[in-house]
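First up is the structure itself, then whatever we jot down about it.
So that the names make sense, note that chain A is the first sequence line, chain B the second, and so on, each numbered from 1.
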Protein chains: 2
Amino acid sequence: MRTTTAPSAGFRLTPQRAEILRLLEGNTSHPSAEEIYRRVHRKFPGMSFATVYNTLQSLLGRGELLEIRIDPKRSRFDPFTPQHAHLMCVKCGAIADVRTPAELKPLGKPAGFKVLSCNVEFYGVCPACAGKTATKEAAKWQKRTQKRTRK
Amino acid sequence: MRTTTAPSAGFRLTPQRAEILRLLEGNTSHPSAEEIYRRVHRKFPGMSFATVYNTLQSLLGRGELLEIRIDPKRSRFDPFTPQHAHLMCVKCGAIADVRTPAELKPLGKPAGFKVLSCNVEFYGVCPACAGKTATKEAAKWQKRTQKRTRK
DNA sequence: TCTCTTGACAATAATCATTATAAACTGATA
DNA sequence: TATCAGTTTATAATGATTATTGTCAAGAGA
């Protein structure tokens, strides 16, 4: 996910897809398929769920999108594709991007097992959900998480 | 999961449950609910799927079992409860226990976000699935993974 | 232009893991 | 014996995702 201009080559940029791409562009809220559907559906009321899943599949296949499964309930999607970890609030489901100290290697790995990739997921409670106290941090966090742009 | 003798206190050790516990005891294969059902069902043909899920829920609630979601298709269960990471073969679905160098802390975490837990998952290809070459390691790995006991 | 091919679309239907519901059962205890 | 919590089976429901089908539009040749 870097561009809204046609990726071409077997990928036809239809109006529906353009809208999905626009929604995803720089989006840090890690939306689920359902959230994407809801938002795009407002502009294209005729659009079906299948179109969302198809488009997401296309993007995943082209490496322009990450599917993250930190949320036990459903897949969430992240247009920010460089390797990074995630942190999810177990109360409201908000997900933030985080990093890990260094590249991880498994210890005690069986000989001959070739490691291809690694997922790191943190769970916790975001400021907004930690009682009604930390109101200032909470607001900042919510804005950063529930909203769109990542510069 | 440390014992087959009654955990008591709101946990009734019925024959079905005893059988599930016996199957889980020291099991390193990280079985899914369906696998547990299949195996236990051989001994108790009348047993329903709900009983498996109920029992697993009980054990999870008592902290005697871990639910791991490294497998995108279904939950897998691990009676080895101390903190550790997992490594899954993307081809055959086998899962091994591994460790990570040190305790992880997220970098770039939003202020005020309290971290509660962490999951680390590795994906790769096990020796048995990496071509038909590494036969010796493969056999060892398969025995270690597909079979039961952890001493 | 005409036709062919290739995605894409909407509309369903199908799958599949998991959860929920309801009713019957069991054993311990009052 | 009556009660009661916890368990069980049977069954239905949920909910995310995938598959299927028929239609359509755009570009590539002929």
Practice task
Kindly work out whether a path of hydrophobic side-chain contacts (I/L/V/M/F/W/Y, heavy atoms less than 4.5 Å apart) joins A:Met47 to A:Phe49.
Solution key: yes

Exercise for the section: Answer with base, sugar-phosphate or nothing: what part of the nucleic acid does B:Glu34 contact at a heavy-atom distance below 4.0 Å? Expected result: nothing

Fill in the blank from the handout: B:Phe11 CZ to D:dG6 C1', in whole Å, measures 11 Å

Exercise for the section: Using a cut-off of strictly less than 4.0 Å, decide whether A:Gln16 has a side-chain nitrogen or oxygen near OP1 or OP2 of C:dA8. Expected result: no

Problem - Euclidean distance, atom NZ of residue A:Lys73 to atom P of D:dT17 [Å, nearest integer] - result: 12 Å

Problem - side-chain N/O A:Thr14 vs C:dC9 OP1/OP2, d < 4.0 Å - result: yes

Practice task
Between C:dC9, D:dT17, C:dT6, spot the one nearest the side chain of A:Tyr53, thanks.
Solution key: D:dT17

Exercise for the section: Select base, sugar-phosphate, or nothing to describe what A:Ser48 touches, counting heavy atoms under 4.0 Å on all strands. Expected result: base

Handout entry: Euclidean distance, atom CZ of residue B:Arg38 to atom P of C:dC16 [Å, nearest integer]
Key = 14 Å

Handout entry: Protein-nucleotide distance (A:Glu19, atom CD; C:dA8, atom C1'), rounded to Å
Key = 17 Å

Fill in the blank from the handout: Side-chain atoms of A:Thr51 come closest, of C:dA10, C:dT26, C:dA8, to C:dA10

Practice task
Please report, rounded to the nearest Å, how far the C1' atom of D:dT18 is from the CG atom of A:Leu56.
Solution key: 13 Å

Practice task
Could you check how far CZ of A:Arg12 sits from P of D:dA26, rounded to whole Å?
Solution key: 9 Å

Handout entry: Gap between atoms CZ and C1', on B:Phe49 and C:dA20 respectively (whole Å)
Key = 16 Å

Handout entry: Between D:dT7 (P) and B:Phe44 (CZ): distance, integer Å
Key = 16 Å

Practice task
Determine the contact category for A:Asn54: base if any of its heavy atoms lies under 4.0 Å from a base atom, sugar-phosphate if only primed atoms, P, OP1 or OP2 are that close, otherwise nothing.
Solution key: nothing

Problem - Donor-acceptor pair present, B:Arg17 side chain and D:dT7 base, under 3.5 Å - result: no

Fill in the blank from the handout: Winner on side-chain proximity to B:Arg74, out of D:dT18, C:dA17, D:dT7, is C:dA17

Handout entry: For B:His86, the option from B:Val98, B:Val120, B:Asp78 that meets side chain to side chain contact (heavy atoms under 4.5 Å, CB included)
Key = B:Asp78

Fill in the blank from the handout: Quick note, A:Ala33 side chain, CB onward, closest among D:dT17, D:dT8, C:dC9 is D:dT17

Exercise for the section: Please answer whether the main-chain N or O of A:Gln16 pairs with a side-chain N or O of A:Glu19 as donor and acceptor at a distance below 3.5 Å. Expected result: no

Problem - Charged N-O contact under 4.0 Å between A:Glu35 and A:Arg39 - result: no

Exercise for the section: Would you please classify the geometry between the B:Tyr37 ring and the B:His41 ring as parallel, tilted or perpendicular, with 30° and 60° separating the classes? Expected result: tilted

Practice task
Using a heavy-atom cut-off of under 4.0 Å over every strand shown, decide if A:Ser75 touches base, sugar-phosphate, or nothing.
Solution key: sugar-phosphate

Fill in the blank from the handout: Ranking C:dC9, D:dT8, D:dT9 by distance to the side chain of B:Ala50, first place goes to D:dT9

